[in-house]
**Q** 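Let me give you the structure first, and then I'll get to my questions.
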Amino acid sequence: MRHSNLHTHTVFSDGYYTVEETVLAAIDNNMISLGISDHSSADFDPCGIRTRSIDAYHREVRRCAEKYKDRIEVYLGLELDGYSVVDKADYDYLIGDVHYVKCSDGNLHGIDWNKENQQKVIDDFFDHDPLAMAKHYFATYVERQQINRPDVLGHFDLVRLFGLMPTESKAYLDAATEALIACLKVTPIMEINMVPVVLRGDTEPYPRNNILKEAVAHGAKLVLSSDAHKVENLQKGFDDEILRLKALGIREIVQFVGGRFVEVGI
Ligand SMILES: [Zn+2]
Ligand SMILES: [Zn+2]
């Protein structure tokens with residue numbers, strides 16, 4: 001099948017390639033559509049698009065969309081951090097994500113910088129209890145999605161990326177599932193994010209299987225995302241992931257085609 005990918009980063013935020021290089025790579029990959037979704041601007045987030053570059057980001061994505069419209073559909077998106085603020089109307093779609101949680105010192109703390117930093121957040125603000133941090137992360141995830149109302153629920157269980165979370169415990173899964181059910185009322189579209197598989201050698205993407213099963217049982221529609229920061233990874237692992245989803249009994253995903261999300265059989 002021809003793939004679509006809405007979660008990509010370019011040099012406007014923390015990606016390695018230009019918008020045009022990313023579009024050309026997507027054409028080379030025979031993708032049906034591509035969304036550029038650089039990180040939202042925020043004074044607390046060093047990964048975000050510089051405020052002064054936002055207009056240039058919009059212009060460049062639109063320019064490439066027009067230039068290559070006969071070969072691929074290109075969309076202007078944004079990976080919106082939960083604590084960033086944007087006007088939804090400026091974008092074709094938003095991917096809602098949480099990379100920061102607000103702690104008892106009143107400040108936002110990054111959860112995905114590195115293992116040592118996440119451990120320090122657990123120790124300093126959650127009394128050395130990773131489950132307490134996971135619960136706070138999932139509560140934050142729900143709150144920010146309800147406020148921002150994005151089109152796609154992004155890397156839902158990002159918090160587990162360093163292996164510090166009790167992902168197999170019932171309490172963790174219960175917290176995740178409760179959050180999931182609340183978020184699916186905001187939007188039923190949830191990404192399968194390939195970063196753990198492609199960059200970390202994990203067997204499961206975000207979300208892990210136990211959460212994915214709950215998501216599907218509660219009506220989630222799945223969209224494949226690479227979260228690629230390099231064009232080499234634009235659709236890396238997608239074919240294998242489709243097979244894995246089929247083996248889990250999933251029969252369709254959604255793709256962003258013709259300016260809207262459409263269901264596609266797999
Ligand atoms: Zn992210
Ligand atoms: Zn991303």
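Quick caveat, the model's predicted, so the values are computed rather than measured. By convention here, the first residue in the shown sequence is residue 1. In each ligand, atom 1 is the first atom listed, and ligand 1 is the first ligand listed.
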**Q** So what's near the Zn ion (ligand 2), protein N, O or S atoms under 2.8 Å?
**A**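 Near the Zn ion (ligand 2), below 2.8 Å, one finds H7 NE2, H9 NE2, E79 OE1, D227 OD1.
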**Q** Specify whether Y206 and H155 have parallel, tilted or perpendicular ring planes, treating 30° as the upper limit for parallel and 60° as the lower limit for perpendicular.
**A**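 Plane angle over 60°, so perpendicular.
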**Q** In terms of the angle between their ring planes, are H3 and F238 parallel, tilted or perpendicular, with boundaries placed at 30° and 60°?
**A**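 Perpendicular, since the angle between the ring planes exceeds 60°.
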**Q** Please give the atom name: the N, O or S atom of H99 nearest to the Zn ion (ligand 1).
**A**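 The nearest such atom is NE2.
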**Q** Aromatic rings F156 and Y141: how do their planes relate, parallel, tilted or perpendicular, breaks at 30° and 60°?
**A**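 F156 and Y141: perpendicular rings.
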**Q** Would you call E168 and R208 a salt bridge, using N to O less than 4.0 angstrom?
**A**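 Judged by the 4.0 Å cut-off on N to carboxylate O distance, E168 and R208 do form a salt bridge.
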**Q** If you draw the axis of the six-membered ring of F162, does the NZ or CZ of K115 fall within 45° of it and under 6.0 Å from the ring centre?
**A**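 No, K115 does not lie over the aromatic ring of F162.
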**Q** Do we see a donor-acceptor contact under 3.5 Å between the side chains of Y100 and D45?
**A**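 Yes.
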